[in-house]
Novice: 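Have a look at the structure that comes next, please.
All chains are named by letter (A, B, ...) in the order of the sequence lines, taking the proteins before the strands, and each is independently numbered beginning at 1.
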Amino acid sequence: MSESPSPVTAPVWTGDVKAARALQVSLAKQVMLRDAYPKRLATVAGLDVGFEDSGATTRAAAVLLDAKSLQPLAMNIARMPTTMPYIPGLLSFRELPTLLEALNGLPTSPDLVLLDGHGIAHPRRLGIAAHFGVVTGLPAVGVAKKKLVGDFAALHDMRGAFTPLRVPIPGRDPGEQIGWALRSKPGCLPLFVSPGHKVSMASCAELVMSFVTHYRLPEPTRLADRLASRRGDIDIDYSRTLPLADG
DNA sequence: GCGACAG
DNA sequence: ATCTTGTCGC
């Protein structure tokens, strides 16, 4: 017998916090912490969410970039009615449905996805990037601007410096590492990077740094953030977009 | 009880 | 996240 392919299903908010947390514990077991993405990345996507109508509408932005030049190749915006409030630890139930719709609107599937929020650096090891990865099967990394859980030592104020983000474990001294505090830009607060799916702890920090130019945020997430928050537009390099049916 | 708390 | 003035530094 062959395994039934896991359906790409967005999480459904039923109002039951206990049930949502139980589902997270279950899905967290499906997270793959190994580098399972193309050695030579062709494309990388950035995903982020913003709100309209005072929060009544959830707006998700997806940007596809050339992994080498970091030039935008395509973008897509999706909107859905907001169905639940923000609850720390349950962010994916609020934003994932719209993010998946934005992703599906891209012309091609990316080799890697960067999301605004945490990967496994989460109370139950299933932040939005991990949840996204398990649900789509795509390699994903979480890039958060603030920590949700864990502690980290002082970090050098040098571009690219990173130190482990750990969570205590009764008994052992160096607790469990759940991610990294990354100084993507000197003089700026660090970013919190953690594996989402099919990406290893050992490589995720440097992987994210490979997408950072001179801003605090890596290009995929920075551009998606601008579109999601309508803080400006981005220039798509249509000359490199694969032609569709009739042009 | 008190502090923490992605977006 | 969103709102929104003032301020620091290259």
Novice: Quickly work out the A/Leu99 CG to B/dA6 C1' distance and round it to whole Å.
Specialist: 13 Å
Novice: Without decimals, in angstroms, what is the distance between A/Asp116 CG and C/dA1 C1'?
Specialist: 10 Å
Novice: Looking at B/dA4, I'd like to know if its phosphate oxygens (OP1 or OP2) sit under 4.0 Å from a side-chain N or O belonging to A/Lys146.
Specialist: no
Novice: Find the distance between NE2 (A/His131) and CG (A/Leu27) and round it off to the nearest 0.5 Å.
Specialist: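 The NE2 atom of A/His131 sits 5.0 Å away from the CG atom of A/Leu27.
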Novice: Is any side-chain nitrogen or oxygen of A/Lys147 closer than 4.0 Å to OP1 or OP2 of B/dA6?
Specialist: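 The answer is no; no side-chain N or O of A/Lys147 sits under 4.0 Å from OP1 or OP2.
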Novice: So what does A/Gly55 touch, heavy atoms closer than 4.0 Å: a base, only the sugar-phosphate, or nothing?
Specialist: nothing
Novice: Round to the nearest Å and state the distance from A/His122 atom NE2 to B/dG7 atom C1'.
Specialist: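 It is 12 Å, rounded to the nearest whole Å.
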Novice: Going by an N to O cut-off under 4.0 Å, is there a salt bridge joining A/Glu52 and A/Arg79?
Specialist: yes
Novice: When all nucleic acid strands are considered with a 4.0 Å heavy-atom cut-off, which category describes A/Ser54: base, sugar-phosphate, or nothing?
Specialist: nothing
Novice: Run the side-chain contact (heavy atoms from CB on, under 4.5 Å) test on A/Thr221 and A/Leu115 for me, step by step, so that the C-alpha distance in whole Å, both residues' side-chain angles and the decisive distance to 0.1 Å come before the verdict.
Specialist: CA-CA 6 Å; A/Thr221 289; A/Leu115 294 94; over 6 Å; no
Novice: Roughly, in whole Å, what's the span from CZ in A/Arg226 to P in C/dA1?
Specialist: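 Nearest whole value for this atom pair: 15 Å.
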Novice: So what does A/Ile87 hit on the nucleic acid, given a heavy-atom distance under 4.0 Å: a base, only sugar-phosphate, or nothing?
Specialist: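 The answer is nothing, as A/Ile87 stays clear of every strand by at least 4.0 Å.
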Novice: What is the distance from CG of A/Leu148 to P of B/dG3, rounded to the nearest Å?
Specialist: 19 Å
Novice: How many Å lie between CG on A/Asp48 and P on C/dT2, as a whole number?
Specialist: 8 Å
Novice: According to the 5.5 Å centroid and 30° plane-angle thresholds, does A/Tyr86 stack upon the nucleobase of B/dG7?
Specialist: yes
Novice: Is a side-chain donor-acceptor pair under 3.5 Å present for A/Thr58 with A/Thr82?
Specialist: yes
Novice: In whole angstrom, give the distance that lies between atom CZ of A/Arg21 and atom P of B/dA6.
Specialist: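 Checked: the CZ to P distance equals 14 Å.
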Novice: Once you apply a heavy-atom cut-off of 4.0 Å, does A/Leu115 come out as touching a base, just sugar-phosphate, or nothing?
Specialist: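 Answer is nothing: A/Leu115 stays at 4.0 Å or more from every strand.
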Novice: Figure out the CZ/P separation between A/Phe152 and B/dA4, and round it to whole Å.
Specialist: 14 Å
Novice: Checking side-chain polar atoms at under 3.5 Å, does A/Ser239 have a donor or acceptor matched by the opposite partner on A/Asp237?
Specialist: yes
